[in-house]
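So the structure is just underneath, and the comments pick up after that.
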Amino acid sequence: MRETDFSERVLDWFDQHGRKNLPWQQEITPYRVWVSEIMLQQTQVATVLDYYQRFMATLPDLKALAEAPEDEVLHLWTGLGYYSRARNLHKTAHILMQQYEGNFPASVEQLEALPGIGRSTAGAIASIALGMRAPILDGNVKRVLSRHWAVEGYPGESAVARQLWDLAERLTPTERVNHYTQAMMDLGATLCTRTKPSCLLCPVVASCKAHILGREQDFPTPKPRQTVPQKHVVMPLLVDAQGCILLYRRPSTGLWGGLWSLPELESLSALPLWAQRHGITLGLQQPLAEISHRFSHFQLQIEPWLVQVEAAAVGIAEADWLWYNIKQPPRLGLAAPVKTLLKRVTHHIDQGTAA
DNA sequence: AAGTCGGGGCC
DNA sequence: GGCCCAGACTT
């Protein structure tokens with residue numbers, strides 16, 4: 001589709017469904033837009049509303065802000081977080097009064113040079129308050145664009161960010177940029193939400209690659225986890241004379257809920273007591289190669305041991321325990337690494353029982 | 001490129 | 001309890 005088709009659909013949607021009653025959308029001035037954009041950095045609209053009203057009631061214009069003590073500005077910001085935003089706001093007010101005669105510079109480059117104003121905020125002020133054709137790329141727009149064009153990769157990477165900025169630049173229309181900017185943010189905030197986007201109501205769903213692929217949730221690629229918590233567990237594969245392996249069924253809730261898994265121990269040294277408690281007499285033990293299993297929230301290092309069972313009491317034959325016959329495997333749910341381990345030891349056991 | 005700032009909402 | 005949010009700045 002052409003760039004103009006995209007922006008026209010977005011603008012039509014905005015005319016019908018966009019938000020037009022937010023406080024910073026009334027009596028639009030560069031000052032009011034600027035303050036709102038700073039407050040809205042990493043902060044949701046609902047949170048900002050009260051702060052914005054109080055701020056504007058106390059410091060209604062650039063001159064008032066510049067003449068206010070920093071303590072007063074920070075007081076108005078208390079609870080909003082990212083307090084460097086307030087200090088930079090104050091600094092910029094002074095710069096505008098002293099170097100720009102109380103006016104906002106009319107170029108994205110000059111706006112971006114001011115403290116607290118980055119590329120996206122500069123684009124927002126330029127387009128919304130000054131009517132200039134300038135793109136923005138905040139979290140909402142990143143989500144809309146990365147989904148619409150199925151842009152792979154974490155936007156924090158420079159190459160991915162470059163792609164998204166390039167898209168944002170090309171799609172920004174020459175007419176009604178102020179409404180287009182507001183529309184894109186509304187689209188991301190109200191329809192193209194992080195979870196459960198309302199694609200049926202989206203004006204550009206027909207050309208949305210993520211939707212066509214059914215992969216809305218895959219975009220944008222989330223920030224790669226830095227430090228994943230590491231956990232370690234010993235899993236004994238207890239093999240009886242028939243070549244069956246002891247499994248137990250996990251509780252229905254929680255990790256691997258309802259799946260069958262191997263016994264879990266903190267260390268191998270805990271095995272003798274564990275076996276004694278379950279009426280199991282142990283034989284030969286041999287270590288197997290470790291398995292690393294990644295969950296969404298942690299990494300599990302599995303230390304598997306192949307352990308021969310000389311004798312087992314019947315007490316273990318309860319509802320949540322079973323001797324798993326590898327040669328005639330029952331149809332039941334197995335935890336993924338357990339399945340891997342069972343498959344891996346099949347030939348070990350063949351050799352063991354043949355001997 | 002990674003770390004820092006921060007409170008609130010959400011799952 | 002982690003993750004994310006109308007990001008920008010420093011290291």
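In the text below, chain A, chain B and the rest are named by the order of the sequence lines, each starting its count at 1. All heavy atoms count here, side chains included; hydrogens, waters and symmetry mates do not.
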Side chain to side chain contact (heavy atoms under 4.5 Å, CB included) partners of A:Ile212, counting only residues at least two apart: none

Write down the distance separating the C1' atoms in C:dC9 and B:dG8, rounded off to the nearest Å. 23 Å

So, is A:Gln42 near the phosphate of C:dG7, with a side-chain N or O under 4.0 Å from OP1 or OP2? yes

Do the numbers put A:Lys20 on top of the ring of A:Phe14, so that NZ or CZ is under 6.0 Å from the six-membered ring centre and no more than 45° off the axis? yes

Show me, pair by pair, the donor-acceptor contacts under 3.5 angstrom made by side chains of residues 332-342 of chain A, not counting sequence neighbours?
| unit_1 | atom_1 | unit_2 | atom_2 | d |
| --- | --- | --- | --- | --- |
| A:Thr340 | OG1 | A:Ala336 | O | 3.2 |

Residue pairs passing the side-chain hydrogen bond (donor to acceptor under 3.5 Å, both in side chains) test where at least one lies in residues 183-208 of chain A, sequence neighbours excluded: A:Arg19-A:Asp186, A:His148-A:Ser207, A:Gln182-A:Asp186

Give me the distance, rounded to whole Å, that separates C:dG1 from B:dG6 when you measure between the P atoms they each carry. 23 Å

Pull out every residue in residues 121-157 of chain A that has a heavy atom closer than 4.0 Å to any atom of DNA chain C, ordered by number, or say none. A:Thr121, A:Asp138, A:Gly139, A:Asn140, A:Arg143

Side chain to side chain contact (heavy atoms under 4.5 Å, CB included) filter on A:Asn178, not counting sequence neighbours, yields A:Arg176

Within residues 73-83 of chain A, the residues having a heavy atom closer than 4.0 Å to DNA chain B are A:Gly79, A:Leu80, A:Gly81, A:Tyr82, A:Tyr83

Name all residues meeting the side chain to side chain contact (heavy atoms under 4.5 Å, CB included) criterion together with A:Ala68; count only those two or more places apart in sequence or in a different chain, and write none if there are none. A:Leu59, A:Glu72, A:Val73

Taking any heavy-atom pair under 4.0 Å as a contact, classify A:Ser158: base, sugar-phosphate, or nothing. sugar-phosphate

side-chain hydrogen bond (donor to acceptor under 3.5 Å, both in side chains) pairs, two or more places apart, involving residues 42-54 of chain A: A:Thr43-A:Arg85

Report, one line per pair, each donor and acceptor closer than 3.5 Å where one atom sits in a side chain of residues 149-161 of chain A; sequence neighbours left out.
| unit_1 | atom_1 | unit_2 | atom_2 | d |
| --- | --- | --- | --- | --- |
| A:Glu152 | OE2 | A:Arg215 | NH1 | 3.3 |
| A:Glu152 | OE2 | A:Arg215 | NH2 | 3.4 |

For A:Arg194 and for A:Thr43, find the nucleotide of DNA chain B with the closest heavy atom, then tell me which residue's nucleotide is more 5'. A:Thr43

Determine, stepwise, if the pair A:His211 / A:Glu216 fulfils side-chain hydrogen bond (donor to acceptor under 3.5 Å, both in side chains). CA-CA 6 Å; A:His211 182 74; A:Glu216 294 91 338; 2.6 Å; yes

With sequence neighbours left out, write down each residue that passes salt bridge (charged side-chain N to carboxylate O under 4.0 Å, His left out) with A:Glu310, or none if nothing qualifies. none

Side-chain contact check for A:Gln41: nearest option of C:dC5, B:dG6, C:dG7 is C:dG7

Please report, to 0.1 Å, the donor-acceptor pairs under 3.5 Å made by any side chain of residues 119-134 of chain A, with sequence neighbours excluded.
| unit_1 | atom_1 | unit_2 | atom_2 | d |
| --- | --- | --- | --- | --- |
| A:Ser120 | OG | A:Leu137 | N | 3.1 |
| A:Ser120 | OG | A:Asp138 | N | 3.4 |
| A:Thr121 | OG1 | A:Gln41 | NE2 | 3.0 |
| A:Ser127 | OG | A:Gly123 | O | 2.8 |
| A:Ser127 | OG | A:Ala124 | O | 3.3 |
| A:Ser127 | OG | A:Thr181 | OG1 | 2.9 |
| A:Arg133 | NE | A:Thr172 | O | 2.9 |
| A:Arg133 | NH1 | A:Glu169 | OE2 | 3.0 |
| A:Arg133 | NH2 | A:Glu169 | O | 2.8 |
| A:Arg133 | NH2 | A:Thr172 | O | 2.9 |

Considering only nitrogen or oxygen atoms on both sides, find all protein atoms under 3.5 Å from nucleotides 9-11 of chain C and state each distance.
| unit_1 | atom_1 | unit_2 | atom_2 | d |
| --- | --- | --- | --- | --- |
| C:dC9 | OP1 | A:Gly116 | N | 2.5 |

